[in-house]
Structures are given as C-alpha cells and as structure tokens.
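Basis for what follows: all heavy atoms, side chains included, without hydrogens, waters or symmetry-related copies.
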Amino acid sequence: MKLHLCCGDVYLDGWHNVDILGKEVTFGEDNPNKTTVDNYYARPYDLENKQREILIDQRVNLTDTWDIASNSCDRVLFISTIEHFTVPEAQHVVKEAHRVLKSGGLFQFDFPDIYKAVDVYKNNPDELMRLI
C-alpha cells in the first residue's frame, strides 16, 4: 500500500489517502480531486481560497495511533504538513510512519520553502492578510 498522509483536497490515484477531515469515498466513486504524484502541484493556486471538497479513503488523526497495520506500506507521503505539528506530534508521526512501513519502505516528506513564502508575503500584502 502507498499511504498519502494529510491529503487535504489532493486525492492521489493509486494511494490510500487519509486526513483528519473529509468525506470518505468508495471505490469507483467519481472523484474530481484525483491526480498523480507527478501532478501534485499542477492545480493552480487559488487566491480566492476556493478549496475543493476534501475526499479521503480513511479518517486518521495522526497524533493518535493510526488504524493502519504495521509493516503494510511500501511508501508513506507527507507533503507540506509536518510544519503544522508540534515537535512531539511530529516525532509521533515519524514513529508511526516507521511502524507502518515495510522493511525497505520509503517515507517521503517535504515542507514549504520558508524563504520563498516570506518573499511572497512581503511582495503581496493582500495574500498575507488572506492567510491571517
């Protein structure tokens, strides 16, 4: 299994998409959020903040023990999310990712480029106010 943590409104085709919020979808259900890892960032950023409905395979609170079997995942993907957790929470997430990964599995995560974000906010006060 390939596990996509904190998927938000990005539903990866062929992955098990989890988030703490969202509507659980069933296999074969029409899903306008479906995309691929290669196209993860392809959707243009929406300055009017019109987020799509969050569609998930399973509701998971990452700060609790995950209802996902140990040694069941080949890959765990965690995009632009770890910075939202406290240090103890992030440590728990990494521990749980390690638990669910098969031997030789891959845990991929990233976080936003803070320098680029600061430049965006400096040059676009309206965007900063929208986030506040």
Q. Is there a donor-acceptor pair closer than 3.5 Å between any side-chain N or O of Asp74 and the backbone N or O of Lys2?
A. no
Q. Would a distance-only check, ignoring hydrogens and angles, find a side-chain to backbone donor-acceptor pair under 3.5 Å from Asp19 to Gly8?
A. yes
Q. Is the NE2 atom of His98 crowded by more than 12 outside heavy atoms at less than 6.0 Å?
A. no
Can you see which heavy atom on [X] is nearest to which on [Y], and at what distance?
{"X": "Leu55", "Y": "Tyr11", "answer": "O-CD1, 3.3 Å"}
{"X": "Asn33", "Y": "Asn31", "answer": "N-OD1, 2.9 Å"}
{"X": "Asp9", "Y": "Glu53", "answer": "CB-O, 4.0 Å"}

Q: Could you give me the CA-CA distance, side-chain angles and deciding distance for Ile56 and Cys7, then say whether side chain to side chain contact (heavy atoms under 4.5 Å, CB included) is met?
A: CA-CA 8 Å; Ile56 60 174; Cys7 63; 3.6 Å; yes
(Q) Using side chain to side chain contact (heavy atoms under 4.5 Å, CB included), reason through Leu5 and Phe109 one step at a time and then give a plain yes or no. (A) CA-CA 10 Å; Leu5 303 175; Phe109 67 95; over 6 Å; no
Q | From Val76, Leu3, Val37, Val10, residue fulfilling side chain to side chain contact (heavy atoms under 4.5 Å, CB included) relative to Trp15 | A | Val37
Distance-only donor-acceptor hits, side chain of residues 65-73, under 3.5 Å, sequence neighbours excluded:
{"residue": "Trp66", "atom": "NE1", "partner": "Leu62", "partner atom": "O", "Å": "3.1"}
{"residue": "Ser70", "atom": "OG", "partner": "Arg99", "partner atom": "NH1", "Å": "3.0"}
{"residue": "Ser72", "atom": "OG", "partner": "Ala69", "partner atom": "O", "Å": "2.6"}

Q.
Holding to side chain to side chain donor-acceptor pair (under 3.5 Å), I want the full list of residues that pass it with Asn17, two or more places apart in sequence or in another chain.
A. His4, Asp57
Q | same_hphob_cluster(Val60, Phe85) at 4.5 Å side-chain heavy-atom cutoff | A | yes
Q.
Quick check: is Leu77 connected to Ile54 through a chain of hydrophobic side chains (ILVMFWY, heavy atoms under 4.5 Å apart)?
A. no
Q | Under 4.5 Å side-chain linkage, directly or through intermediates, the cluster mates of Ile20 | A | Leu21
Q: Just do the side chain to side chain contact (heavy atoms under 4.5 Å, CB included) check on Ser80 and Asp110 with the steps written out, would you?
A: CA-CA 6 Å; Ser80 296; Asp110 77 349; 3.6 Å; yes
Q. After noting the C-alpha distance and the side-chain angles of Ile82 and Val93, does the key distance pass the side chain to side chain contact (heavy atoms under 4.5 Å, CB included) rule?
A. CA-CA 9 Å; Ile82 201 162; Val93 168; 5.5 Å; no
